[in-house]
Amino acid sequence: MATNHVSDDIAELFDAAKAVRDHAHAPYSGFSVGAAIRAGSGQVFGCCNVENSAYPEGTCAEAGAISKMVAAGERVIDTIVTVCGGELVGTPCGGCRQKIREFATNDTTIVVCDLDGERSRYSMAELLPDSFGPEHLSGSAC
């Protein structure tokens, strides 16, 4: 059940991200994250972060949710919601911003939440301005 701090348009995603966050494997940082994506079809895909003792080998929640979406045959992110703790707003890392961008439009919505609800809302263009995307590779070499 969504909290009072969650708007109706993201309630399902918030609940999914918060639930999967409980399964995060974050023994090193203690920073558990859940992410849920609504694909273009309306299907929801959620995942949590999975840390590894060899630090660069961990997986962010957003990357895991994108992988689940792609494995299901989806290729468009309509909205993505992340849930994490802490006092600061926990936006997706730089790598995840680029991973989201691969399947997003400039208008794709990214909502960042804490355990009580929404903290900030961005469009893809706001979160990663002037980004490099698949359309840059169409028909021309760098």
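Computed from a predicted model, the values in this text were never measured in an experiment.
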Any donor and acceptor pair, going by atom type alone, linking the side chain of [X] with main-chain N or O of [Y] inside 3.5 Å?
| X | Y | answer |
| --- | --- | --- |
| R119 | E87 | yes |
| T108 | M124 | no |
| D114 | G117 | yes |

Run the side-chain contact (heavy atoms from CB on, under 4.5 Å) test against A72 and tell me which residues pass, sequence neighbours left out. F45
Which residues pass the side-chain contact (heavy atoms from CB on, under 4.5 Å) test with H23, sequence neighbours left out? C48
Please list all pairs meeting side-chain hydrogen bond (donor to acceptor under 3.5 Å, both in side chains) that have one or both residues in residues 89-103, counting only residues at least two apart or in different chains.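 Listed by first then second residue: T91-R97, R101-S131, R101-E135.
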Residue pairs passing the side-chain hydrogen bond (donor to acceptor under 3.5 Å, both in side chains) test where at least one lies in residues 47-72, sequence neighbours excluded: S29-E51
Minimal non-hydrogen separation, [X] against [Y], with atom names:
| X | Y | result |
| --- | --- | --- |
| C47 | A65 | CB-N, 3.3 Å |
| A16 | A36 | CB-CB, 3.9 Å |
| V81 | A17 | O-CB, 3.9 Å |
| C84 | V33 | CB-CG2, 3.9 Å |
| I10 | C113 | CD1-SG, 4.2 Å |
| C93 | C60 | SG-SG, 4.0 Å |

With under 30° as parallel and over 60° as perpendicular, where do the rings of F132 and H136 fit, or are they tilted in between?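 Taking H136 first and then F132, their aromatic rings lie parallel (interplane angle under 30°).
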Please indicate whether D8 has more than 12 foreign heavy atoms, meaning atoms of other residues, nucleotides or ligands, lying under 6.0 Å from its CG. no
Pairwise ring pair (Phe, Tyr, Trp, His ring centres under 6.0 Å) hits with a residue in residues 67-96, at least two apart: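 Every candidate ring pair (Phe, Tyr, Trp, His ring centres under 6.0 Å) pair involving residues 67-96 fails, so no pair, neighbours aside, qualifies.
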So the ring pair (Phe, Tyr, Trp, His ring centres under 6.0 Å) pairs with at least one residue in residues 69-121 (sequence neighbours excluded) are none
Kindly write out the residues that satisfy side-chain hydrogen bond (donor to acceptor under 3.5 Å, both in side chains) with D9, not counting sequence neighbours, or none if the list is empty.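 So D9 forms a side-chain hydrogen bond (donor to acceptor under 3.5 Å, both in side chains) with S7, R121.
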Which salt bridge (Lys or Arg N to Asp or Glu O under 4.0 Å) pairs, counting each pair once, include a residue from residues 23-45, with sequence neighbours left out? R38-D78
Show every salt bridge (Lys or Arg N to Asp or Glu O under 4.0 Å) that has at least one partner inside residues 25-34, sequence neighbours left out.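 Residue pairs passing salt bridge (Lys or Arg N to Asp or Glu O under 4.0 Å), neighbours aside: none found.
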Could you check T79, V44, V6 and say which one makes a side chain to side chain contact (heavy atoms under 4.5 Å, CB included) with E12? V44
Spacing of CG belonging to L115 relative to OG belonging to S32, to within rounding of 0.5 Å: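 The CG atom of L115 sits 9.5 Å away from the OG atom of S32.
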Quick check: is V89 connected to L127 through a chain of hydrophobic side chains (ILVMFWY, heavy atoms under 4.5 Å apart)?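 L127 clusters together with V89.
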Are L13 and Y122 linked, directly or through intermediate hydrophobic residues, by side-chain heavy-atom contacts shorter than 4.5 Å (ILVMFWY only)?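 Y122 does not cluster with L13.
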So, do S120 and I110 sit near enough that their side-chain heavy atoms are less than 4.5 Å apart? no
Close side-chain approach of M69 and E74, heavy atoms under 4.5 Å: yes
Derivation and outcome, side-chain contact (heavy atoms from CB on, under 4.5 Å), residues I80 and T109: CA-CA 6 Å; I80 183 166; T109 302; over 6 Å; no
side-chain contact (heavy atoms from CB on, under 4.5 Å) between I66 and I100, intermediate numbers included: CA-CA 7 Å; I66 290 168; I100 294 166; 4.0 Å; yes
